[in-house]
There are 2 protein chains.
Amino acid sequence: MTTAEQIERTLRAAGLRVTRPRVAVLTALTAHPHADAGAVLAVVREDLPDVSHQAVYDSLHALTAAGVVRCIQPSGATARYETRIGDNHHHVVCRECGDIADVDCAVGEAACLTASDDHGFTIDEAEVTYWGLCPRCAAARSTRATT
Amino acid sequence: MTTAEQIERTLRAAGLRVTRPRVAVLTALTAHPHADAGAVLAVVREDLPDVSHQAVYDSLHALTAAGVVRCIQPSGATARYETRIGDNHHHVVCRECGDIADVDCAVGEAACLTASDDHGFTIDEAEVTYWGLCPRCAAARSTRATT
DNA sequence: CCGGTTTTCTTGAATGAGTCAAGACAAGCG
DNA sequence: CGCTTGTCTTGACTCATTCAAGAAAACCGG
C-alpha cells in the first residue's frame, strides 16, 4: 500500500512542494489508475471538499511535467492519468465502455521504438493503444446476439 | 490524382448519398491528410463558402462511420482525419509543432495485434503513435542549442 | 421528368473539458 | 519567525464538438 508518507516522499523527490491538493491527487491516482480529471476531482473532494477544479488541473500538470504521473488520451476520450510510469507499458481500451487496462509491451522494449521509415523524425517514444472489448462488454454483446 | 468522379464513386460504394459538402470534405482530406475539422472546414469553404461547420462535422462522422476515412486523435490535439485506410499504418507526431506523418508497421502486421496479456479483452486493433520531433523542429532546436 | 420519402444541411444555441488571470494563501528557506 | 516564491481560489472565458428544429436536397419509383 502507498502511504501518505510515501506520497510525500515521491513529491519531494520530484522537486515539488508538498501541498494538500497534490497529495490528494496523487493518492487518488494511485487508487484509481486511468481516472480522468473529473474523476480525480470527485475523489479528491471526498477528502478535501473545497478544492477548486483548477487546483486539480494544476496538480495534474505539475505531476505530469515532473514525470510522476503520465497522461494518456485515447481517441474520443478525455485525458486520463496514471502513476505507473517508466516501464514502457501500453493500454487496451474498450470501445464500448471506455474502460482501460494496462498491457506490457508485446514485442520487446526495443522493437517498439523502431519505425520502418521515420520520415526524418527523431522518435523518442512509441505509444501503443489496443482497441477492443472488455470482458464485460463482450459478454453483454454476445448475450444480446443470442437472445 | 483523385478526380471528382472517383470521389463520387467512393461515396456511392460506401452507401452514402453524394452531396456537395461530402464531396468537398473527401476532396479536402485527400489533398490534406491529417487535417483537423477546422482545417477541413477552411479548405471546403474555398469551394463552398457557405457550408456550415455542422455539415462538415456530419460529413466527417458519416465518412468515418462508413469506413471511408479514419479519425485519429493524438494526446493534446484535436481530432484529425485521413483517407488512407485499411493498411495498418501508424503515425509519428512531432511534440513541438504537432505535425503528423505516416509510418508503416515496424514489426509486421500480425505482431502488432498481439498483446502479452490482454486482461480478457477482445482486441481487434492496435494503434501505434510514435512521438518525437519532425526534421524542421529538430533542426530549429539544435540551432538554438548551438547559438 | 416528377412527386414523395428520407436523409442531409442550415441556423443557432448549448455543452463540457480545459485554460487564463488576479489576488489570497501557504510551503519552504534562512 | 518572516520573507519569497510557488500554489490555490475564484470566476470568467475559449474552443472543439454536439444538440435540436426546421428547410432543403438526394434518391427511389412511377
Side-chain angles (χ1 to χ4, degrees), chain A residues 4-5 7-28 34-45 47-66 68-69 71-81 98, chain B residues 4-5 7-28 34-45 47-66 68-69 71-81 98:
Chain A
E5 297 87 63
I7 297 274
E8 201 178 315
R9 243 176 283 136
T10 304
L11 287 172
R12 289 192 200 284
L16 296 172
R17 288 192 181 179
V18 178
T19 66
R20 285 170 150 288
R22 286 181 180 177
V23 173
V25 164
L26 199 43
T27 305
H34 311 130
D36 62 17
V40 171
L41 182 58
V43 174
V44 166
R45 282 191 171 155
D47 278 319
L48 308 169
D50 295 328
V51 270
S52 60
H53 71 148
Q54 192 60 244
V56 170
Y57 276 105
D58 283 352
S59 298
L60 287 170
H61 287 165
L63 291 166
T64 304
V68 178
V69 307
C71 173
I72 57 173
Q73 188 177 3
S75 290
T78 55
R80 286 155 180 278
Y81 300 86
Chain B
E5 297 87 64
I7 297 273
E8 199 178 318
R9 243 176 283 136
T10 304
L11 287 172
R12 289 191 198 285
L16 296 171
R17 286 192 181 179
V18 177
T19 66
R20 285 171 149 287
R22 285 182 182 175
V23 173
V25 164
L26 199 43
T27 304
H34 312 132
D36 63 17
V40 171
L41 181 57
V43 174
V44 166
R45 281 190 172 155
D47 277 319
L48 308 168
D50 295 328
V51 271
S52 60
H53 69 150
Q54 192 60 244
V56 170
Y57 276 104
D58 283 351
S59 298
L60 287 170
H61 288 165
L63 291 166
T64 304
V68 177
V69 307
C71 173
I72 58 173
Q73 188 177 2
S75 290
T78 55
R80 286 153 179 279
Y81 300 85

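Chain letters run A, B, ... following the sequence lines, proteins first, then strands; residues in each count from 1. This one's a predicted model, so the numbers in the text were calculated from it and none came from an experiment. What you see below is based on every heavy atom in this structure, not just the backbone, and it leaves out hydrogens, waters and symmetry mates.
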Residue mapping more 5' on DNA chain C - nearest nucleotide basis, B:Ser59 or A:His53: B:Ser59
Can you measure B:Arg22 atom CZ to C:dT7 atom C1' for me and round it to whole angstrom units? 8 Å
note: A:Gln54, atom CD; C:dG23, atom P; distance rounded to Å ~ 17 Å
Considering every strand and a 4.0 Å limit on heavy-atom distances, what is the contact class for B:Arg20: base, sugar-phosphate, or nothing? nothing
Minimum-distance nucleotide (side-chain atoms of A:Ala37 versus C:dC9, C:dT10, C:dG18): C:dG18
Atom CG of B:Leu16 to atom C1' of D:dC27: distance rounded to whole Å? 13 Å
To the nearest angstrom, the CG-C1' distance between A:Leu11 and C:dA27 comes to 12 Å
May I have the distance from B:Leu41 (atom CG) to D:dT18 (atom P), rounded to whole angstrom? 14 Å
Just to verify, which of B:Thr19, B:Ile7, B:Leu63, B:Val51 counts as forming a side chain to side chain contact (heavy atoms under 4.5 Å, CB included) with B:Val25? B:Leu63
Hey, can you tell me if A:His53 and A:Tyr57 have their rings parallel, tilted or perpendicular (30° and 60° cut-offs)? perpendicular
Remember a base hit wins even if backbone is also touched, and classify A:Asp50 as base, sugar-phosphate or nothing at under 4.0 Å, heavy atoms. sugar-phosphate
By nearest atom, which of the nucleotides D:dT17, D:dC8, C:dT8 is closest to the A:Asp58 side chain? D:dC8
More than 12 heavy atoms from other groups under 6.0 Å of CZ on B:Arg20: no
Taking the minimum atom-to-atom distance to the side chain of A:Arg17, which one of C:dC9, C:dT11, D:dT5 wins? D:dT5
Pick base, sugar-phosphate or nothing for A:Ala79, based on heavy-atom distances below 4.0 Å to the nucleic acid. sugar-phosphate
Tell me whether the side-chain N/O atoms of A:His61 come closer than 4.0 Å to OP1 or OP2 in D:dT7. no
Looking for any heavy atom pair under 4.0 Å, which part of the strands does A:Ser52 touch: base, sugar-phosphate only, or nothing? base
In whole angstroms, the gap separating P of D:dT9 from OH of A:Tyr57 amounts to 15 Å
A:Val56 vs B:Thr78, nearer the 5' end of DNA chain D by closest nucleotide: A:Val56
When rounded to the nearest 0.5 angstrom, what distance separates CG in B:Asp58 from NE2 in B:His61? 7.5 Å
Side chain of A:Thr19, heavy atoms from C-beta onward: which of D:dT7, C:dG12, C:dT8 has the nearest atom to it? D:dT7
Among C:dG28, C:dT19, C:dC9, which nucleotide sits nearest the side chain of A:Val18? C:dG28
What integer distance in Å separates B:Gln73:CD from C:dG18:P? 11 Å
To the nearest angstrom, the CG-C1' distance between A:Leu48 and C:dA26 comes to 14 Å
Lys/Arg N to Asp/Glu carboxylate O, A:Glu5 vs A:Arg9, below 4.0 Å: no
